[in-house]
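A note on names: the letters A, B, ... follow the listed sequences, proteins ahead of strands, and every chain is numbered from 1.
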Amino acid sequence: MFAANFEYLRATSLAEAHRLLAANPGAKLLAGGHSLVPLLKLRLAAPPAVIDIGPITELRGIAGQGDSLRIGALTTHAAVAASAEVRTSAAALAEAAAGVGDPAVRNRGTIGGNIAHADPASDLPTVLVALDAAVVAVGPKGERTIPAAEFFTGIMTTALRDNEIVAAVVVPMSKRGVGSAYVKFAHPASRYAVVGAAARVAVNKGTCAEVQVAVGGLVPHARRASAVERALTGQPAEAASFQAAAARVREDLGGDVNGDVFASAEYRAAMAPVYVKRALAAAAARAGLT
Amino acid sequence: MKVPITISINGRARSAEVEPRLLLVQFLRDVLGLTGTKIGCDTSQCGACMVLLDGIAVKSCTCLAVQADGCAVTTIEGLASNGQLSALQEAFWEKHGLQCGFCTPGMIFAAYELLRTNPNPSPEQIRHGLEGNMCRCTGYQNIVRAVQAAAAAGGRA
Ligand SMILES: Cc1cc2nc3c(=O)[nH]c(=O)nc-3n(C[C@H](O)[C@H](O)[C@H](O)COP(=O)(O)OP(=O)(O)OC[C@H]3O[C@@H](n4cnc5c(N)ncnc54)[C@H](O)[C@@H]3O)c2cc1C
Ligand code: FES
Ligand code: FES
């Protein structure tokens with residue numbers, strides 16, 4: 001397949017990327033290319049220019065920042081999955097990154113590209129919403145921090161403005177007694193999430209003291225499951241409470257469930273409590289380990 | 001519109017002026033005539049186009065040639081040295097890890113990537129490591145055996 005022709009521009013700094021964006025209306029940023037290149041080949045996208053931000057080294061890497069981890073936008077899924085810090089302090093994110101596509105996709109795809117693309121079947125948005133992460137967006141006049149829950153606004157739509165670039169994702173680290181997990185029903189061909197569930201649970205003396213849950217894959221964009229969170233908070237950390245709380249996810253889904261040729265909306269909605277229950281149990285088990 | 005690029009291919013610098021839309025796999029096959037790298041699905045699913053980009057396995061149908069500018073690429077033509085097959089190539093031959101051979105260059109790089117990150121994989125880990133590669137002939141059994149044999153023989157190279 002051949003993409004329509006476009007002009008290729010390369011940025012080696014954020015400032016240069018902003019200058020190129022301003023000078024080339026309609027241009028698309030290119031990170032790992034594992035969502036954009038397929039779109040170009042299918043001619044679902046035909047921008048006049050593509051700005052390759054791959055060489056911007058300042059956007060790469062994982063570093064501690066207070067009680068959080070700051071993950072540069074160009075950090076690949078493989079690097080996130082392999083990071084010891086992410087695995088210990090945000091296990092759900094490491095788990096989601098390790099389950100994206102296949103090894104070659106994880107070697108190229110980036111966390112910034114994944115969230116900017118905002119495919120409803122993506123894995124990372126669900127985790128970032130559950131963990132109360134924030135997105136650092138840089139515009140020509142400076143940066144702003146957008147809570148993940150406000151960043152995703154619809155199918156493939158985000159709160160990012162045309163002249164903004166995702167610079168990093170900031171993820172709060174789990175403390176002692178807190179565990180997180182991500183589980184998904186993976187599409188057998190692409191591995192995208194048909195249903196994805198992420199949870200972070202704080203366990204104190206056998207009780208679920210704090211509960212954060214999000215679902216994705218089956219709704220237009222990842223969202224918090226607050227009915228589940230309310231139902232589990234204060235309950236004993238045991239299978240019966242996870243199951244009872246997970247059943248409440250129906251209230252969080254409302255009438256917004258997507259269906260397609262692979263899995264109907266009804267089927268996905270029926271699977272949601274199963275995956276939420278598994279995510280809760282895995283997160284609580286990890287809380288006991290930390 | 002065309003952009004000058006220089007890529008080290010199997011240790012030799014190759015320069016060309018290419019359209020930005022040219023895929024890395026098209027550069028290898030159509031510009032350089034290195035047809036060992038295959039195009040199967042052309043949609044990032046099958047792994048037939050896998051090569052090493054700076055030592056890491058990637059799907060070259062989902063990478064623009066301009067993105068590889070300044071990088072080093074290894075294709076299946078570059079794995080043997082002085083007529084000596086690499087451990088993985090030898091193992092695929094020994095264990096009959098192929099029938100038609102169309103998937104084999106990609107499979108070998110997927111296996112290379114797996115052994116790079118996990119030198120002693122279990123059969124289950126091998127199957128997961130090859131998740132992004134499809135074979136329509138072998139049923140995968142002998143491919144898994146070939147990767148096990150290469151690991152036992154001391155590695156990928
Ligand atoms: C075969 C296959 C299987 C996959 N399976 C999964 C899966 O199971 N789960 C999953 O979550 N994903 C999956 N993906 C998608 C993968 O995670 C992509 O890598 C990711 O969605 C996009 O990241 P990228 O770096 O490749 O972005 P690109 O393709 O380069 O860009 C994607 C979009 O984001 C914009 N963009 C990129 N970076 C920035 C930035 N820093 N600031 C602002 N905008 C930016 C681009 O302009 C473009 O519109 C799969 C992809 C493939 C090809
Ligand atoms: S041709 Fe590249 S993955 Fe199939
Ligand atoms: S040997 Fe024929 S496709 Fe694998």
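In this structure, the side chains of A/R108 and B/T62 stay at 4.5 Å or more apart for every pair of heavy atoms. Counting heavy atoms from C-beta outward, B/I5 and A/Y8 have side chains that stay 4.5 Å or more apart.
Of residues 111-119 of chain A, not one residue has a non-hydrogen atom less than 4.5 Å from any non-hydrogen atom of chain B. Taking 4.5 Å as the heavy-atom cut-off, the residues of residues 48-61 of chain A that approach chain B are A/D52, ordered by number. For residues 65-75 of chain B, the interface with chain A (any heavy-atom pair closer than 4.5 Å) comprises B/V66, B/Q67, B/D69, sorted by residue number. Residues of residues 186-193 of chain A lying under 4.5 angstrom from chain B, judged on non-hydrogen atoms, are A/A189, A/S190, A/R191 in numerical order.
Heavy-atom distances place the side chain of B/L53, and not its backbone, under 4.5 Å from chain A. Neither the backbone nor the side chain of A/A78 comes within less than 4.5 Å of any heavy atom in chain B. Proximity to chain B is limited to the side chain of A/L30, based on heavy atoms less than 4.5 angstrom apart. Neither the backbone nor the side chain of B/I39 comes within less than 4.5 Å of any heavy atom of chain A.
Most heavy-atom pairs under 4.5 Å with chain A, from the set B/Q45, B/H128, B/M50, B/E19: that is B/E19.
Side chain of B/D42 to main chain of A/M1: a donor-acceptor pair is present (N/O by atom type, distance under 3.5 Å, no hydrogens or angles).
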